[in-house]
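First comes the structure, then the notes that go with it.
Throughout, residue positions are numbered sequentially from 1 according to the sequence presented.
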Amino acid sequence: METENPQRVTNEQLFLAKVECLEQEIQVLRTQNIILREHLDAKITQGEQLTQANHRLQTEIIDRQQTETALRLLLDRLSSEMNDLEIILDTTTSHSDTIEALLYDRALSLAREVTIDGLTQIANRRAFDQRLEIEWQRLAREHLPLSLLLCDVDFFKRYNDRYGHPAGDDCLRTVAKAIEACIRRPADLAARYGGEEFAVILPNTLKEGATFIAEEICHAIDSLCIPHEASFVKDRVSVSIGISTTLPERTVHPRSIIESADKGLYLAKNQGRDRAVYSSNY
């Protein structure tokens with residue numbers, strides 16, 4: 001039996017011990033490597049976060065610079081407008097009387113445009129409606145009568161067809177002036193009701209007085225001697241008039257007297273035109 005060499009055994013043990021030591025060192029190095037990688041990944045993440053934060057900071061700086069520029073421009077504009085306003089205020093103060101007069105004239109002009117008929121230059125339908133409502137309520141309180149005339153130019157469409165619309169406009173202007181000339185009291189109102197129709201409001205006027213004014217209007221239009229060869233009534237322009245008189249009541253709508261006068265106008269046309277016909281409001 002061969003005896004084992006003690007020296008050889010010792011060498012192998014040393015070798016194995018060294019191998020084991022190396023393996024331990026390798027394991028330590030692996031662990032350290034993992035730790036280093038984790039630290040490196042953490043540093044990379046922190047770097048990315050710092051880059052993003054830096055980008056946001058730069059964006060905020062740019063936004064603030066743009067905002068500051070816009071504010072400076074706005075401040076300059078406001079300063080300029082303030083100077084302009086001061087100049088306007090000084091001018092307005094120094095010329096206040098003139099400006100007030102101009103504004104007053106403009107207000108009167110606008111009021112006239114709202115209530116005056118552009119063609120005939122007498123009151124328009126809006127002014128008629130407003131005045132009728134006012135007088136209706138006033139006379140209802142005072143228990144006084146109200147009369148209304150509705151006037152229509154006879155066969156006016158045929159007049160336009162024969163002489164043309166410019167001549168028709170001239171005719172309406174002339175007729176309007178003649179009707180307005182027949183009323184004399186401040187409370188009376190002649191208005192263009194629509195197209196070739198005119199209306200006359202006669203507050204505190206009984207049937208007899210209203211009939212007198214209507215007949216006077218018929219005579220005035222006839223005296224104008226405006227040729228109307230296309231008329232079926234006569235060779236000159238004429239009008240038909242419906243008359244109505246009532247005692248206004250607050251519980252009754254003003255349209256009732258308009259309907260009554262319109263009925264009288266219908267009767268005047270049905271009876272041959274060129275006349276004034278009274279119609280009862282009841």
Review point. What about I183 and I217, same hydrophobic cluster or not, with Ile/Leu/Val/Met/Phe/Trp/Tyr joined at side-chain heavy-atom distances under 4.5 Å?
Key: yes

Review point. Hey, does T174 have a side-chain heavy atom less than 4.5 Å from the side chain of I226?
Key: yes

Practice item. Give the cluster check for V252 versus L144: same hydrophobic cluster or not, with ILVMFWY residues linked at side-chain heavy-atom distances below 4.5 Å. Key: yes

Exercise for review: Could you go through the side chain to side chain contact (heavy atoms under 4.5 Å, CB included) check for V200 and L189 one step at a time?
Suggested key: CA-CA 6 Å; V200 179; L189 178 73; over 6 Å; no

Practice item. Step by step, work out the side chain to side chain contact (heavy atoms under 4.5 Å, CB included) result for E196 and L172. Key: CA-CA 7 Å; E196 67 273 18; L172 290 178; 4.0 Å; yes

**Study point:** Sidechain-backbone polar pair: W136 side chain, E249 backbone, donor-acceptor under 3.5 Å
**Key:** yes

Review point. What heavy-atom pair brings I221 and I179 nearest, and what distance separates the two atoms?
Key: CD1-CG1, 4.3 Å

Practice item. To the nearest 0.5 Å, tell me how far L75 CG sits from L73 CG. Key: 9.5 Å

Review point. Side chains of T120 and D117: is there a donor and an acceptor less than 3.5 Å apart?
Key: yes

Point to revise | Heavy-atom pair of closest approach, residues L139 and P145 | key: CD1-O, 3.4 Å

Review point. Yes or no on side chain to side chain contact (heavy atoms under 4.5 Å, CB included) for Q121 and I116, after CA distance, side-chain angles and deciding distance?
Key: CA-CA 6 Å; Q121 293 301 298; I116 298 298; 3.9 Å; yes

Review point. So if you build clusters from Ile, Leu, Val, Met, Phe, Trp, Tyr with side-chain heavy-atom gaps below 4.5 Å, do Y266 and Y193 land together?
Key: no

Review point. Which heavy atom of V277 sits nearest a heavy atom of Q271, and at what distance?
Key: CG2-OE1, 3.7 Å

Check your understanding: Got a sec: does the NE2 of H253 have more than 12 other heavy atoms crowding it under 6.0 Å?
Key -> yes

Practice item. Indicate the ring-plane relationship of Y163 and Y159, choosing parallel, tilted or perpendicular according to the 30° and 60° boundaries. Key: tilted

**Study point:** Backbone of S223 reached by a side-chain donor or acceptor of R236 within 3.5 Å
**Key:** no

Practice item. State whether the number of non-hydrogen atoms from other residues, nucleotides or ligands found under 6.0 Å of R64 atom CZ is greater than 12. Key: no

**Study point:** pair E215-H219: side-chain heavy atoms closer than 4.5 Å
**Key:** no

Practice item. To the nearest 0.5 Å, tell me how far T31 OG1 sits from I26 CD1. Key: 12.0 Å

Practice item. For the residue pair Q66 and D63, establish whether any side-chain heavy-atom pair is separated by less than 4.5 Å. Key: yes

Revision key, fill the gap. To the nearest 0.5 Å, atom CG of L148 lies from atom OG of S279 at 11.0 Å

Point to revise | Shared hydrophobic cluster for V233 and L224 (ILVMFWY, side-chain gaps under 4.5 Å) | key: no

Exercise for review: Applying side chain to side chain contact (heavy atoms under 4.5 Å, CB included), run through R255 and L132 and close with a yes or a no.
Suggested key: CA-CA 9 Å; R255 77 167 64 93; L132 181 62; over 6 Å; no

Review point. What about F212 and L206, same hydrophobic cluster or not, with Ile/Leu/Val/Met/Phe/Trp/Tyr joined at side-chain heavy-atom distances under 4.5 Å?
Key: no

Review point. Can you tell me how far the OG1 atom of T51 sits from the CD atom of Q46, to the nearest 0.5 Å?
Key: 11.5 Å

Practice item. Determine the minimum heavy-atom distance between C171 and V237, stating which atoms define it. Key: SG-CG2, 3.9 Å

Review point. Are any non-hydrogen side-chain atoms of F128 and T115 less than 4.5 angstrom apart?
Key: no

Check your understanding: Hey, are the side chains of K207 and I243 touching, using non-hydrogen atoms and a 4.5 Å cut-off?
Key -> no

Review point. With distance as the sole test, does H228 use its side chain to make a donor-acceptor pair with the main-chain N or O of F155 at under 3.5 Å?
Key: yes

Exercise for review: Check the side chains of S240 and D154 for a donor-acceptor pair under 3.5 angstrom, ignoring hydrogens and angles.
Suggested key: yes

Point to revise | Atom CZ of R30: over 12 foreign heavy atoms under 6.0 Å | key: no

Check your understanding: Quick one: does I122's side chain get under 4.5 Å of F198's, heavy atoms only?
Key -> yes

Exercise for review: Mark yes when over 12 heavy atoms from residues, nucleotides or ligands other than Q137 sit less than 6.0 Å from its CD; otherwise mark no.
Suggested key: yes

Exercise for review: Using atom types as modelled and distance alone, determine if a side-chain donor or acceptor of T246 lies under 3.5 Å from a backbone N or O of P248.
Suggested key: no

Check your understanding: Do the charged groups of E133 and R138 touch, with an N to O distance under 4.0 Å?
Key -> no

Review point. Within a radius of less than 6.0 Å around NZ of K157, do more than 12 heavy atoms belonging to other residues, nucleotides or ligands occur?
Key: no

Practice item. Supply the atom-to-atom distance I201 CD1 to I258 CD1, rounded to the nearest 0.5 angstrom. Key: 8.0 Å

Check your understanding: Quick one: do the T205 and S147 side chains pair a donor with an acceptor below 3.5 Å?
Key -> no

Check your understanding: Under a 4.0 Å N-O cut-off, is there an ion pair linking R125 with D129?
Key -> yes

Point to revise | R131 versus D188, closest heavy-atom pair with distance | key: NH1-O, 3.9 Å

Check your understanding: S260 side chain to S256 main-chain N or O, any donor-acceptor pair under 3.5 Å?
Key -> no

Review point. Charged N to carboxylate O below 4.0 Å: is that the case for D161 and R158?
Key: no

Check your understanding: Just by modelled atom types, is the N160 backbone N or O under 3.5 Å from a matching donor or acceptor in the R162 side chain?
Key -> no

Review point. So, for C182 and I213, which heavy atoms are closest and what is the spacing to 0.1 Å?
Key: O-CD1, 3.7 Å

Review point. Looking at side-chain heavy atoms only, is the closest gap between E197 and L150 below 4.5 Å?
Key: no

Point to revise | Interatomic distance, Q32 atom CD to E25 atom CD [nearest 0.5 angstrom] | key: 10.5 Å

